[in-house]
Amino acid sequence: MITVFGSINVDLVARVAALPGPGETVLAPDYTVVAGGKGANQAVAAARAGANTHMIGCVGRDGFAEIALATMRECAIDLSAVVAVAEPTACAMIGVDTAGANQIIVASGANRQLRAAQLDDGLLGPDTTLVLQLEVDPAETWAVITRAKASGARVILNTAPAAPVPPDVAASCDILVMNEIEAVMLAETSGHGGGDDPVAAARALGHAWGVTIVVTLGADGAWAFEPHAAWRIGALEVEAVDSTAAGDAFVGVLAAALDGGGPFAEALGRASVAGGLACETAGAQPSLPERAAIDAALSRLAPAESL
């Protein structure tokens, strides 16, 4: 069972010829409104990969709430622990250029009201994989990780967006997933930095915290450092349209594969394929692949290499 504790957003997505610089205004022909939020995206990714998934989060009492929840309902994700609060549903404003690169501003709104108490102890335990991110109140996230650790659950923390993580919290996780910017920042803020090499940063964090660290590198694939092993996985070759939810696809599918009992190296491969496939479609949740699509594309990517 997958339990996701985290953010639920709507995304306002505008496609532009080039992303704006400081003080610059660019025009887009139109925009789309789709469901998003790192927590909700990862829940959808896990559910589409075949996992029984529960979402813990908050939305507002507004017109955006139903949009934010619609895809999760379609995926049969359990939403019984999603609470409607007075603050507006969170909204992400996303610009995407012709190469698929993006800029994102998130107005947190209802996500700020998510509390650890919303997560029932029945959704934690040795048969649970708990997935978290850093788009909600950090204190509530740390409290949930502490409870999950005590329950025997597998804990996967996606350290996005980039923010410091207390060493005791990091050591209570089983897996931390980060991109190259987050890896370098975490290594620096925790006193384990030594430059701008994200792979070296991830290796140092894994050694310091005694947990598995996965660093994603976009088109260069990903590296993973377990306490007693290291892996490298390539990236699926795709024609990128929008990379917005690629990281969330990676995290959700990694969690689903491990929750299903798959070996770590195999889970890395499925996650990398999912991240690549997510770049082929515009929008966050519309881009998250079904299990059949991941299965069909696996032969296009070499297995993870043990280092």
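This structure is a prediction, so every number in the text was calculated from the model and none was measured. The figures here come from the full heavy-atom set of this structure, side chains too, leaving out hydrogens, waters and symmetry mates.
Taken from CE in Met93 to CD1 in Ile104, the straight-line distance is 10.5 Å, to the nearest 0.5 Å. Distance check: Leu12 CG to Ile94 CD1 gives 8.0 Å after rounding to the nearest 0.5 Å. Here the NE2-CG distance, from His54 to Asp78, works out to 4.5 Å after rounding to the nearest 0.5 Å. For the atom pair OG1 of Thr244 and CG of Asp11, the computed distance is 7.5 Å after rounding to the nearest 0.5 Å. In this structure, Thr216 OG1 and Leu268 CG are separated by 11.0 Å, a value rounded to the nearest 0.5 Å. Put simply, CD on Glu188 and CG on Asp196 are 9.0 Å apart, with the number rounded to the nearest 0.5 Å.
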Item to complete: Run the numbers on Arg15 and Asp30 for side chain to side chain contact (heavy atoms under 4.5 Å, CB included), then give the verdict.
Response: CA-CA 8 Å; Arg15 302 195 65 81; Asp30 55 23; 5.9 Å; no

Practice prompt. List the steps, then state whether side chain to side chain contact (heavy atoms under 4.5 Å, CB included) holds for Asp242 with Thr281.
Written response: CA-CA 6 Å; Asp242 181 359; Thr281 302; over 6 Å; no

Worksheet item: Under the side chain to side chain contact (heavy atoms under 4.5 Å, CB included) criterion, do Gln118 and Cys58 qualify, and how do the steps go?
Response: CA-CA 10 Å; Gln118 285 176 229; Cys58 291; 3.3 Å; yes

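With Arg154 as the partner, the side chain to side chain donor-acceptor pair (under 3.5 Å) test is satisfied by one option alone out of Asp174, Thr128, Thr129: Thr129. Tested against Asn158, the residues Gln133, Gln42, Glu135, Glu182 include a single side chain to side chain donor-acceptor pair (under 3.5 Å) partner, Gln42. Of the residues listed (Trp231, Phe225, Phe250), the one engaging Val214 in a side chain to side chain contact (heavy atoms under 4.5 Å, CB included) is Phe250, and it is the only one.
Closest of all the heavy-atom pairs between Leu19 and Glu24 is O-OE1, 4.4 Å. Residues Leu205 and Ala183 share a closest heavy-atom pair of CD1-O, 4.0 Å. Thr89 and Ala68 make their closest contact through CG2-CB, 4.1 Å (heavy atoms, listed as atom of the first residue, atom of the second, distance). Across all non-hydrogen atoms, the minimal contact from Leu288 to Ala45 is CD1-N, 3.9 Å. Contact detail for Pro198 and Leu217: the closest heavy-atom pair is CG-CD2, 3.9 Å. Closest non-hydrogen pair, Ser272 versus Leu236, comes out as OG-N, 4.4 Å.
Hydrophobic clustering of Ile, Leu, Val, Met, Phe, Trp and Tyr side chains at less than 4.5 Å, counting indirect connections, unites Leu186 with Leu132.
Ile56 is listed as a side-chain neighbour of Thr3, based on a closest heavy-atom distance under 4.5 Å. Side-chain contact check for Leu114 versus Ile8: every heavy-atom pair is 4.5 Å or farther apart. A heavy-atom distance below 4.5 Å is found between the side chains of Ile77 and Val44.
With no hydrogens or angles considered, a side-chain donor-acceptor pair links Asn111 and Asn9 at under 3.5 Å.
By the 4.0 Å N-to-carboxylate-O rule, Glu140 lies too far from Arg112 to be salt-bridged with it. A salt bridge is defined here as a Lys NZ or Arg NE, NH1 or NH2 lying under 4.0 Å from an Asp or Glu carboxylate O, and Glu305 with Arg232 fails to meet this definition. Between Asp295 and Arg270, at least one side-chain N (NZ, or NE/NH1/NH2) sits under 4.0 Å from a carboxylate O, which counts as a salt bridge.
For Leu307, the CG atom is densely surrounded, since the number of other residues' heavy atoms within 6.0 Å is greater than 12.
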